[in-house]
Number of protein chains: 2
Amino acid sequence: MADPSKLVRPGGASEKRGKPTLRTIADITGLAVTTVSRALADAPQISLETRQRVRQVALEIGYSPDRAAQRLKTGRTNVIAVLLAPHEEILGYGTSVMAGIARALQGTAYHLIVMPNFLDAANIEAVNYIIRNGMADGLIFSRTEPLDPRVKLLSETGFPFVTHGRTELATTHPFVDYDNFTFTYEATRRLIAKGRRKPALISGPSGFTFSGHILHGFMTAVREAGCAYEILSGIDLDSPAGAIRDRIRQRQAEKDPPDGFTCGGEVCALATITGMSDCGLTLGLEYDIVAKQTSPLLGAIQPRVDTIYEDLTETGEHMGRILLRRIGGSTDIGELQLLLDPELRFKPQPAEVS
Amino acid sequence: MADPSKLVRPGGASEKRGKPTLRTIADITGLAVTTVSRALADAPQISLETRQRVRQVALEIGYSPDRAAQRLKTGRTNVIAVLLAPHEEILGYGTSVMAGIARALQGTAYHLIVMPNFLDAANIEAVNYIIRNGMADGLIFSRTEPLDPRVKLLSETGFPFVTHGRTELATTHPFVDYDNFTFTYEATRRLIAKGRRKPALISGPSGFTFSGHILHGFMTAVREAGCAYEILSGIDLDSPAGAIRDRIRQRQAEKDPPDGFTCGGEVCALATITGMSDCGLTLGLEYDIVAKQTSPLLGAIQPRVDTIYEDLTETGEHMGRILLRRIGGSTDIGELQLLLDPELRFKPQPAEVS
DNA sequence: CGCACAATTTAAAACGTTACAAATCGCCAC
DNA sequence: GTGGCGATTTGTAACGTTTTAAATTGTGCG
C-alpha cells in the first residue's frame, strides 16, 4: 500500500486543470508513475490485474501520452516525413500517395509531415537536414535517379526510408515501384495489335530511373515487332500540356508521322489528342493512344482512351507499411521491396452511346 | 569567469557524440546553459557581445534546438495541422493548397502535418482530437458549411484556425475564400454575352457554403438578364466525370436543352464537353462553357474553354500567413479574413493554329 | 525462524529546453 | 568604505515520459 501521506503531492490529484498525465493516473490508482508507465507498455513484470486496472483508468479519463515527452526521452519522433517534389502539384499525384501513406499509418503512433522541396536542385539538402536534426523516424520520397544521391546518403547513415522508384545502386534499399517497363511494353504492343505501324513514345523526363524503364519497354516492343517507331524529341512527360500539343501538331505536318502514341500520363494523353485533333485526326480512326491512368480524369473524355491503370494510393499504402517494417528493424529485403504489376484494364466507362 | 573545475561535468565537452545541444555551446563558450538559451532568443538582458558570440558558435557547430524539448517545456508544438478531405485526392487540390501553406511556413519554426479524414462523417472527431491532445498550434481545413460544427467547436475553444471557405455563423473567424458568387455571376454573364439563351449550372455539392454562393451568383446573372436558365438536377461538382457526361447527354435528348454551362471545375467542364460531343455538338458553335480553372489541365484541350482562374497555391499561402498571425495573437479580424477576387482572364494558350 | 528467491512495485535520474528567482559584478554616490 | 543600483549572468526547477537500479513484498524451504 502506498503511504497515504504521499497521496498529496504538489500538482497531484488536487489540480483538475490540463490534460491527464501519467501522474494523474498514478494519483487515482495509488500506484507510482513508473508502474503506470510500464503497465501501459504491457510490461510482463507488472501484474496482469494492475495492467488492466491502469488501462481502464486511462481509458476513462481519456489519457493519451504526451508526444513531446516521449520523443524527448526515447529519441523517437513518431514522425514520417514525405518529400514533396514540385512536379507533384499537378493532378493529385502527391495527394493520392499521401492518402495511401496516411492509411498505412492509421492506428499507429506515427504522424505524417510534409516537407515540400523548394530548392530547385535535388532535395539532398532537405534529406541531410532531416537526418542531422532527427526530424523524423523515416522518410519517403519519389522520382529516384539511377545513382540517387539521396539514397546513397540515407543508406550510408542507416536512416530508414522507402523510395517510390528504383535505383541502380549496388546497395539494395526499400522501394515500391510500378513496373513501367511492362507498362510501356504492353501499351506499345497494344498499339501494334490495333494495326498501328509507327508507334511513338513520349519519354520520361531525363535523369530518372523510371524514364529508362519506359524507354526500354517501348524499345523492346517495337524491336520484337520489327516495326517503325519514333521517340518524340523536344518534349517529355513533364512538359506543359501546351508544349506537347504543339509538338504533336508540328510533327504531323512533317513527313512520315507516327500513328500511335504511348503516353505515360493523363495530361500528356489529353494534350496529344488535342494536338491530333488540331490536325483533323480522330482517335481510333487515324491513330491510337494507350495511356497510363492514375485518376478518373480520362473517364470524362471522348473518344475512349485505352488505358493501363496505376493505383497511387495503393502505392502510398505499400510505402507506408514497408517503412514501418523497416523502422521496426526488418532487414529482410524481400518484404521491403515491391514491384507493382500494371493493371491491364480498360477504364470504367459510363453507359455506352448506342 | 567560469570556475575551471566546472568545465568538466558529466556529459560535458568530453562527449563528442550526438547532435549539439545548448550545453555543448555552454561548454565551448564557458557560459551557463541559461545564458546561451536567452542569447539565442535575443533577450535584451544579454549583452550584445555575448549574443553575437553565442550565435557564432551555434552556427559553427550546426546547432539547432531540439523540437521535442522546446515543445515539452513551452507547450507549443510548432506544428500546423491540415485536415485533408477525401474529395481532395483528385486534381491536385490538396497538394496545391499544401504547397502554398508550406511556402508561408517556410523559414518559420512550423512544420506541416497532414491529417487525412478517413471518417465519412464530418471530421469533427479529428478536430476534437487535435484540440484535446494539443497536437498542433493551429488548424487549417476546407469545405466549410454555413453552420460548420468544426468552426463552432474551435471558436468556443479559442483554438487558432483558418478555414478555406466562409460560414454563416454569428461569430466571425479567420478564413480565406474565393469569391464564388462573382465567379458564377461573371461566368454566366459571359455565357449570355456570347448569345446563349439558356445557361445551365452544375451546382456545388449540397451543404457547403460555397455551393450557396455559386447558386446565388448564377441566379443573379440570369435574373438580371431575364433569360431562361436551368440548374441541372441529379449531378453536382463532386459527381464522377462519367455521371456528369451521362447526365449532359441525357438532358440534350429531352426538349428545350440548355446551350451554355457554368462549370465550377475542370473535370466537370471536360465531362460536359464530352457529353455534348456525344450528341454531335461542338463547343463554341452550338454551345459555350465558362469554367473555373485551377490547373494547367484545360490548357491541353481543344477547343479552347473560356475560364476564370483560381490560384489554389496562393490560397494556401494566404491561409498559412493568416494562421501564423492568429497564432501570434492577432485578433484584428481585418487581417485575418481574405476574400479573393476571381481573376478574369483567359487561360494561357499555346500558339494558335493558323 | 530466517534466508534466498521470485514477483511486483518503486524511487531517482535523465532527455534538452525555458521560466523564475537569485547571484555576481562594476561603479557611483553618500 | 559602505550601500545601492543597473547591467549581466547564473543555478534550480520544471515540462511528462522512460530507463536503470533498487526496494518492497510474498513464498517456499532448510
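Just so it is clear: chains get the letters A, B, ... in the order the sequence lines come, proteins before strands, and each one is counted from 1. The figures here come from the full heavy-atom set of this structure, side chains too, leaving out hydrogens, waters and symmetry mates.
With no hydrogens or angles considered, no side-chain donor-acceptor pair links B:Thr167 and B:Asp148 at under 3.5 Å. A side-chain N or O of B:Ser47 and one of B:Thr50 form a donor-acceptor pair less than 3.5 Å apart. With no hydrogens or angles considered, no side-chain donor-acceptor pair links B:Gln56 and B:Gln52 at under 3.5 Å. Counted by atom type alone, B:Thr172 and B:Gln337 present zero donor-acceptor pairs between their side chains at under 3.5 Å.
The closest donor-acceptor contact from the side chain of B:Asp177 to the backbone of B:Arg166 lies under 3.5 Å.
Straight-line distance from the CD1 atom of A:Ile25 to the P atom of D:dG16: 13 Å, rounded to whole Å. Atom CZ of B:Arg23 and atom P of D:dT10 are 14 Å apart (whole Å). Distance, A:Leu31 CG to D:dT24 C1': 14 Å, rounded to whole Å. As rounded to whole Å, 11 Å separates atom P of D:dT17 from atom CG of B:Asn133. The distance from atom CZ of A:Arg76 to atom C1' of D:dT18 is 10 Å, rounded to the nearest whole Å. Distance CG (A:Asp27) to P (D:dG16): 12 Å, rounded to an integer number of Å.
Under the 4.5 Å side-chain criterion, counting only non-hydrogen atoms from C-beta, A:Pro160 is in contact with A:Leu323. The closest side-chain heavy-atom distance from B:Phe175 to B:His164 is not below 4.5 Å. Taking 4.5 Å as the limit, some side-chain heavy atom of B:Phe159 sits within range of a side-chain heavy atom of B:Leu139.
Partners of A:Ala43 according to the side-chain contact (heavy atoms from CB on, under 4.5 Å) rule, which considers only residues two or more places apart in sequence or in another chain, are A:Arg38, A:Gln45, A:Ile46.
With B:Ile327 as reference, B:Ile80 is the one residue of B:Ile322, B:Ile80, B:Val162, B:Thr108 to meet the side-chain contact (heavy atoms from CB on, under 4.5 Å) rule.
A:His173 and A:Phe161 have their aromatic ring centers within a separation under 6.0 angstrom.
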Between N or O atoms, less than 3.5 Å apart, protein on one side and nucleotides 20-25 of chain C on the other: list the pairs.
none

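For DNA chain C, the neighbouring residues in residues 50-73 of chain B, judged by any heavy atom under 4.0 Å, are B:Tyr63, B:Pro65, B:Asp66, B:Ala69, B:Gln70, B:Lys73. At a non-hydrogen distance threshold of 4.0 Å, A:Gln45, A:Ile46, A:Ser47 from residues 40-47 of chain A come into contact with DNA chain C.
Comparing B:Thr35 and B:Thr74 along DNA chain D, the residue whose closest nucleotide (by nearest heavy atom) sits nearer the 5' end is B:Thr35.
Pairs of residues two or more places apart, or lying in two chains, that qualify as salt bridge (Lys or Arg N to Asp or Glu O under 4.0 Å) and include a residue from residues 319-332 of chain B are B:Glu317-B:Arg321.
Heavy atoms of B:Thr21 sit under 4.0 angstrom from primed sugar atoms or phosphate atoms, though from no base atom.
For the helix from C:dC1-D:dG30 to C:dC30-D:dG1, the axis fitted to the five pairs at one end and the axis fitted to the five pairs at the other end meet at an angle of 80° (nearest 10 degrees).
Classification of A:Arg55 and A:Asp42 as a salt-bridged pair holds, one side-chain N sitting under 4.0 Å from a carboxylate O.
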